[in-house]
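One structure below.
Just so you know, these numbers come straight off a predicted model, no measurement behind them. No hydrogens, no waters, no symmetry mates; every other heavy atom, side chains included, goes into these values.
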Amino acid sequence: MRMKKSKRLEIAETPGDISEVRGAGHLPGGRWYEASSVGAGLVFAIEPGDLEENNWLTFDMLLDGEHLAVFCLNIKEEGQEDGFSLRFGLLNRCSARIRMPLEIMNQGKWRLGREGAWLKPSCSGERIDPAAADSAALTVIRKSSGPVRFCITDVLATAGEPRKLDSPVLPAGKLLDAMGQSTIHSWTNKTHDTAELDERLSVQLAAAAETMRPDRFTSFGGWREKQGSGSGFFSTYHDGSRWWLLDPDGYYFWSAGINCVRSSVGLNCEGLRDALAWIPATTGEYSDAWTGREKGRNLNYLAANFIRVFGRDWHRRWADITLARLKGIGFNTVANWSEWKVAAESAFPYVRPLSLSFRRTPCVYRDFPDVFAEEFREDAVECARCLEESAEDRAMIGYFMMNEPNWGFASECPAAGMLYTSRENRSREELVRFLRGQYADEASLARAWKMEVSFQKLRAGLWRERLTGEAVADLEAFSEVMVERFFGVLADACRRADPNHLNLGVRYFTVPPRWAVKGMKCFDVFSMNCYREVVPAGELSRLAAMLGMPVMIGEWHFGALDAGLPASGIGRVRTQADRGRAYRRYLEHAAAHPDCVGAHWFTLYDQSALGRGDGENYQIGFFDICNRPYQELCAAAGRSHAVMYDVAAGNSEPYDDAPRYLEKLFI
């Protein structure tokens, strides 16, 4: 059988401020371009049918410079306004191979796996049929202050799966030094050798035993000056003017937390081993520097640095140093994705995440399970069972049921999405039952939806037609039912496993749409991740009023490009001192809001310069990979934590000396 020949997409236009330039050491067959502004890029000649019978798009890229650039590959059908988009970032000075399966244009997945220097490829926009695609463009959508200089090979549509890139081009040589620091950046306070590392960690350990919480804090970090009725566990309380948490002894508590308090800064080094100056053995003294199921894939330079200094006792020393530093700064919560058992041993207040794994229940759309399937209740009980081991721990504040549902990032509701991506399931049967309760017959439904439709078509088979606004309204109403059942069943299972602690919600990535809110009334606290300059006061008030509960910020941060990392993160300012000012303004405005009971910074450590598992490589920590604290940030946070209870009580005004906020640089 003759293999189908690959289709090459020719560059037809170069819109925006972009020009072809000469470049040395470029990829074989590649061309160099320099884009000076966001929106600049390459448009490819494509006709309907060009992608038919092919299964992949693939090309190689090489990004020059020191800072992250984010690209968007946008493909449209005729008549579409937005089309399908694949957003991704690239490592600097390391070639990447883009391998996009065309089936993802059906929007059944939100994200592809990171591969080497190809970082966090994520889907958005509209659903399209590859055979109908009639335009394609690759544009720069985020950049730092300088121009983006990159090399790109031919873009090919292929029937067979392209080979992964195992040996990338590295024009600058090794990208990380032996301590996990970037080799292509220069910055103040870089750790120069292991002797400096040894001295720092030894001094930190010596100081740990003498570090205490601020005087105004209780042993749990509550407000010593204000006490209500304690229940023995953390609880919520409205004093008539605002929401609070109460610690187990009844003291008023506002949760100043930090995520990822763990002894691991993960680096996914698959396909990048040639970029590392030192690779420890997977066995022996440095075996703990490798994490995950696949030894040799996830490398932890933070652990390696502690092993260098403390040997076999490294983890205990890490815990002693870390909890002491958090107390000294004034944090009172070890937040999500942390080594919660380390916090529990020291009675340091903490939260836990559930690890949702619906082993028996299929998903109907992205990560939304078939909540009407008989197996769903059994899976919910199994997911909640992990809470039993901490059910009696007074130091535990509560648990998050999940984080940023993938279906929440879609431009459509789950009920609409499942029609296109899941042929048949119990939820589609329930959708038909739901609609039969509103429409006397199929003719009534078709008139209401202003399109051809049948109950059988709603029950089974993959949809192709575009939905009318009337159809979307009904599907959003049923999505409300789906979300209510999803979280209601799971919340009931959690309360049976752990009746003592707070259900802290699902850390929604923004303010959820109205069809999702009703299903969240089973929480004790609504949690959202909010990467803005300050908390959106009006939105928090509306959420608290709709749900009748307080709000907690699950994630926020600010980074800068002056500390040896390629990207600043979702919030960006100019310097480390400005990070401190941004911290104070955000946290104190959150504390001042009468419906907010906590804000948890993301994360304790900077991410790896070569990217964590999905590729994020942000300067967002209170500490770097060598455990060096960012002193300006630590000092500013300490000042905010010292006054946060006065601010929350209305006795002091929140800090409002805003730094200059810059264009965000994240994937």
Side-chain angles (χ1 to χ4, degrees), residues 201-224 230-235 245-265 288 302-303 306-307 309-310 312-353 386-400 498 500-502 504 598-605 621-623 627 629 634 637-638 641-642 644-645:
L201 296 185
S202 298
V203 169
Q204 290 175 350
L205 181 62
E210 307 300 323
T211 304
M212 307 295 290
R213 291 194 183 279
D215 292 340
R216 300 179 69 189
F217 285 15
T218 67
S219 59
F220 284 116
W223 192 17
R224 192 179 298 279
S231 65
F233 296 94
F234 281 89
S235 58
L245 299 179
L246 298 180
D247 77 12
D249 299 319
Y251 289 99
Y252 286 31
F253 185 94
W254 201 87
S255 182
I258 191 161
N259 286 278
C260 301
V261 180
R262 60 190 184 205
S263 56
S264 175
V265 175
D288 286 349
L302 177 71
F306 271 85
I307 293 168
V309 178
F310 298 119
R312 294 170 60 183
D313 200 30
W314 74 272
H315 189 266
R316 182 70 263 166
R317 301 307 189 192
W318 168 84
D320 292 342
I321 290 170
T322 302
L323 293 185
R325 295 309 299 262
L326 296 187
K327 286 181 181 179
I329 296 169
F331 284 107
N332 62 10
T333 304
V334 168
N336 213 39
W337 298 305
S338 295
E339 295 186 33
W340 64 268
K341 291 184 179 180
V342 169
E345 289 172 4
S346 299
F348 197 120
Y350 66 92
V351 301
R352 290 188 60 186
C386 67
L387 296 175
E388 294 174 356
E389 64 180 317
S390 54
E392 301 300 325
D393 189 356
R394 283 161 48 89
M396 180 173 161
I397 298 172
Y399 51 87
F400 294 108
D498 178 0
N500 298 318
H501 295 108
L502 296 173
L504 301 174
H600 298 169
W601 176 274
F602 184 86
T603 61
L604 177 62
Y605 290 103
F622 269 66
F623 298 84
N627 219 52
C634 292
H641 299 156
M644 66 183 182
Y645 285 118

message = Between W340 and S390, is the side chain to side chain contact (heavy atoms under 4.5 Å, CB included) condition met? List the steps.
response = CA-CA 10 Å; W340 64 268; S390 54; 4.0 Å; yes
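- With H600 contributing its side chain and T333 its backbone, the two residues share no donor-acceptor pair below 3.5 Å.
- Between Y251 and F220, the distance separating the two ring centers is not shorter than 6.0 angstrom.
- Contact annotation: the side chain of T603 never approaches that of W337 to less than 4.5 Å [non-hydrogen atoms, C-beta and beyond].
- In this structure, the side chains of F623 and L302 stay at 4.5 Å or more apart for every pair of heavy atoms.
- What you find for R262 and L604 is that their closest heavy atoms are N-CD2, 4.5 Å.
- Looking at every heavy atom in both residues, N332 comes nearest to M644 through ND2-CE, 3.7 Å.
- Residues F217 and D247 are not in side-chain contact: their nearest non-hydrogen atoms beyond the backbone lie 4.5 Å or more apart.
- Taking 4.5 Å as the limit, every side-chain heavy atom of F234 sits out of range of all side-chain heavy atoms of M396.
- Judged purely by atom type and a 3.5 angstrom limit, R213 uses its side chain to pair as donor or acceptor with the backbone of F331.
- Checking side-chain atoms of E339 against main-chain N and O of A319 turns up no donor-acceptor pair under 3.5 Å.
- In this structure, the separation between CH2 on W223 and OG1 on T218 is 12.5 Å, given to the nearest 0.5 Å.
- Here the closest heavy-atom approach between residue S338 and residue C260 is recorded as OG-N, 3.4 Å.
- Under the 4.5 Å side-chain criterion, counting only non-hydrogen atoms from C-beta, K327 is in contact with F348.
- Taking 4.5 Å as the limit, some side-chain heavy atom of S202 sits within range of a side-chain heavy atom of V309.
- Using a distance-only test at 3.5 Å, with no hydrogens or angles considered, a donor-acceptor pair links the side chain of N500 to the main chain of A391.
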message = For F310 and H315: C-alpha separation, side-chain torsions, deciding distance, then whether side chain to side chain contact (heavy atoms under 4.5 Å, CB included) applies.
response = CA-CA 9 Å; F310 298 119; H315 189 266; over 6 Å; no
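- The shortest side-chain heavy-atom distance between S255 and I397 falls under the 4.5 Å cut-off.
- Side-chain atoms of N259 come within 3.5 Å of backbone N or O of N336 as a donor-acceptor pair.
- Checking side-chain atoms of H501 against main-chain N and O of Y399 turns up no donor-acceptor pair under 3.5 Å.
- Rounded to the nearest 0.5 Å, atoms OH (Y605) and OG1 (T322) are 4.0 Å apart.
- Minimum heavy-atom separation, W318 to S263: CZ2-N, 3.4 Å.
- Closest approach of P629 and R325 over heavy atoms only: CG-NH2, 3.8 Å.
- A distance below 6.0 Å separates the ring centres of F622 and W601.
- Ion pairing of R394 with D249 is present here, as a side-chain N (NZ or NE/NH1/NH2) and a carboxylate O approach within less than 4.0 Å.
- Because its NZ or CZ atom is not both nearer than 6.0 Å to the ring centre of Y645 and within 45° of the ring axis, R224 does not count as a cation-pi partner of that residue.
- Put simply, the side chain of V342 does not reach to within 4.5 Å of the side chain of V261, judged on heavy atoms.
- Scanning all heavy atoms of the two residues, the minimum distance from Y350 to A344 falls at CE2-CB, 3.7 Å.
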